Amino acid sequence: MQIKLKKSFNKNKTIWDIVNLETNKNDNTERIDNLYLDGNTISDCQEMANAFNKYFLNIAKSINSKQNKPSSHNPQNITSLHYLMQSFKNPFPNINLKSTSTGEIENIIKSLKPKNSSGYDGISTKLVKICSPFISSPLAHIYNKSLSSVIFPDCLKYAIVKPLFKKGDKSKISNYRPIFILSSFSKILEKVTYNQLQEHLNKYGILAEEQFGFRADSKTNKSMYKLINETLNALNTKLIVGGIFFDLEKAFDCLNHSILL
């Protein structure tokens with residue numbers, strides 16, 4: 001086990017692999033024998049694939065349609081975007097995308113985890129890392145064309161979608177969530193854009209301090225530390241502590257694009 005951890009590039013995943021192995025949770029976790037849907041049992045592989053595809057495509061639309069119905073508590077039908085706009089006193093300047101360089105592409109490729117898994121193109125990040133000295137320059141040229149035209153290439157949007165079992169009854173389609181395996185070249189272009197977006201957000205202080213996830217200088221364990229620390233300080237001064245916790249259903253699938261933009 002120690003040898004596995006020392007050689008691992010992803011310590012957290014390796015630890016969970018060891019735990020699952022010791023608790024016998026690795027047996028046939030990916031195999032789906034049948035699905036129970038609309039009162040019928042489906043066992044044909046093609047029919048199950050079509051059922052998953054239809055479910056994953058429509059789940060966000062179904063949830064959003066329920067949430068967007070006019071409420072008696074909100075007679076004017078005020079959206080969350082209204083409150084978001086009110087939280088900013090002045091508009092922020094638009095971001096101007098800059099050209100990337102061969103050096104930046106090489107550094108991004110170095111930062112990728114050397115995985116053997118690949119997207120629809122069959123090219124893994126491990127192979128990309130090996131070929132980095134020969135492909136960094138043409139990739140920089142392609143990505144600069146994308147940045148200057150503000151168009152993300154359609155071929156980099158294709159993904160292999162795999163249903164991942166969460167918990168409960170394996171025959172219920174609602175107990176699965178989709179995993180998207182993208183092309184390695186898509187990940188590199190995303191990272192180029194992310195670096196410039198992150199720089200813009202930090203420069204103008206757009207993100208709130210309480211935004212812990214998906215930031216280079218902040219991690220989610222900091223949010224846990226802050227929560228525990230403030231709770232203990234309050235209890236030590238004999239204050240009453242209350243908390244409201246939200247478990248958002250299909251949060252990323254149901255993301256409001258108007259808020260994101």
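Model, not experiment: these values are computed from the prediction. Values below: every heavy atom of this structure, side chains too, minus hydrogens, waters and symmetry copies. Counting from 1, the numbers follow the sequence of the chain as shown.
What you find for S118 and S124 is that their closest heavy atoms are CB-N, 3.8 Å. The two residues L112 and K129 come nearest to each other via the heavy atoms O-NZ, 3.0 Å. Across L182 and Y158, no two heavy atoms sit closer than the pair CD2-O, 3.8 Å. Taking every heavy atom of both residues into account, I95 and Q196 meet most closely at CD1-O, 3.7 Å. Annotation for Y176 and Y55: closest pair O-CE2, 4.5 Å, computed over non-hydrogen atoms. In terms of heavy-atom proximity, T237 sits nearest to A234 at OG1-O, 2.9 Å.
The existence of a salt bridge linking K226 and E209 is excluded, since no basic side-chain nitrogen approaches an acidic carboxylate oxygen closer than 4.0 Å.
By the neighbour-count criterion of 12 heavy atoms within 6.0 Å, atom NZ of K166 is densely surrounded, having more than that number from other residues, nucleotides or ligands. By the neighbour-count criterion of 12 heavy atoms within 6.0 Å, atom CD of E190 is densely surrounded, having more than that number from other residues, nucleotides or ligands. For CG of N96, the number of neighbouring non-hydrogen atoms (other residues, nucleotides, ligands) closer than 6.0 Å is 12 at most. Around atom CZ of F92, more than 12 heavy atoms belonging to other residues, nucleotides or ligands sit under 6.0 Å away. With a 6.0 Å radius and a threshold of 12 heavy atoms from other residues, nucleotides or ligands, Y120 has its OH atom above the threshold. Within 6.0 Å of atom NZ in K126, 12 or fewer heavy atoms from other residues, nucleotides or ligands are found, so the atom counts as exposed in its surroundings.
The cluster map of Ile, Leu, Val, Met, Phe, Trp and Tyr, joined by side-chain heavy atoms under 4.5 Å apart, puts I109 and I123 in the same cluster. Cluster membership for F180 and F56, using ILVMFWY side-chain heavy atoms within less than 4.5 angstrom, is shared. Linking Ile, Leu, Val, Met, Phe, Trp and Tyr whenever their side-chain heavy atoms come within less than 4.5 Å puts L197 and I188 in one cluster. Follow the hydrophobic side-chain contacts under 4.5 Å out from Y204 and you reach L97 in the same cluster. No continuous path of hydrophobic side-chain contacts links L35 to I179 [ILVMFWY only; heavy atoms under 4.5 Å].
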Task: Worked verdict on I105 versus I135 for side-chain contact (heavy atoms from CB on, under 4.5 Å) - done: CA-CA 9 Å; I105 300 301; I135 64 175; over 6 Å; no

Open item on the list: Is there a salt bridge (charged side-chain N to carboxylate O under 4.0 Å, His left out) between K98 and E199? Walk through the geometry before answering.
Closed with: CA-CA 11 Å; K98 300 173 291 187; E199 181 183 349; 3.5 Å; yes

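Residues satisfying the side-chain contact (heavy atoms from CB on, under 4.5 Å) criterion with N221, sequence neighbours excluded, are K219, M224.
Side-chain atoms of Q46 and N50 form a donor-acceptor pair, as typed in the model, at a separation below 3.5 Å. Side-chain contact, D121 with S183: a donor N or O sits under 3.5 Å from an acceptor N or O.
The closest side-chain heavy-atom distance from I32 to F52 is below 4.5 Å. With contacts defined as side-chain heavy-atom distances shorter than 4.5 Å, the pair L57/N53 qualifies. Side-chain contact between T193 and Y143 is absent, with no heavy atoms from C-beta onward closer than 4.5 Å.
When atom types are taken as modelled, the side chain of H200 and the backbone of P93 share a donor-acceptor pair closer than 3.5 angstrom. A side-chain donor-acceptor contact under 3.5 Å links Q211 to the backbone of G213.
A cation-pi arrangement is present between K170 and F165 under the rule of less than 6.0 angstrom and at most 45 degrees off the ring axis.
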Under 3.5 Å, which donor-acceptor pairs link side chains of residues 148-156 to any protein atom two or more places apart or in another chain?
residue: S148; atom: OG; partner: N144; partner atom: O; Å: 3.0
residue: S148; atom: OG; partner: K145; partner atom: O; Å: 3.1
residue: S149; atom: OG; partner: K145; partner atom: O; Å: 2.8
residue: S149; atom: OG; partner: S146; partner atom: O; Å: 3.3
residue: D154; atom: OD1; partner: K157; partner atom: NZ; Å: 3.3

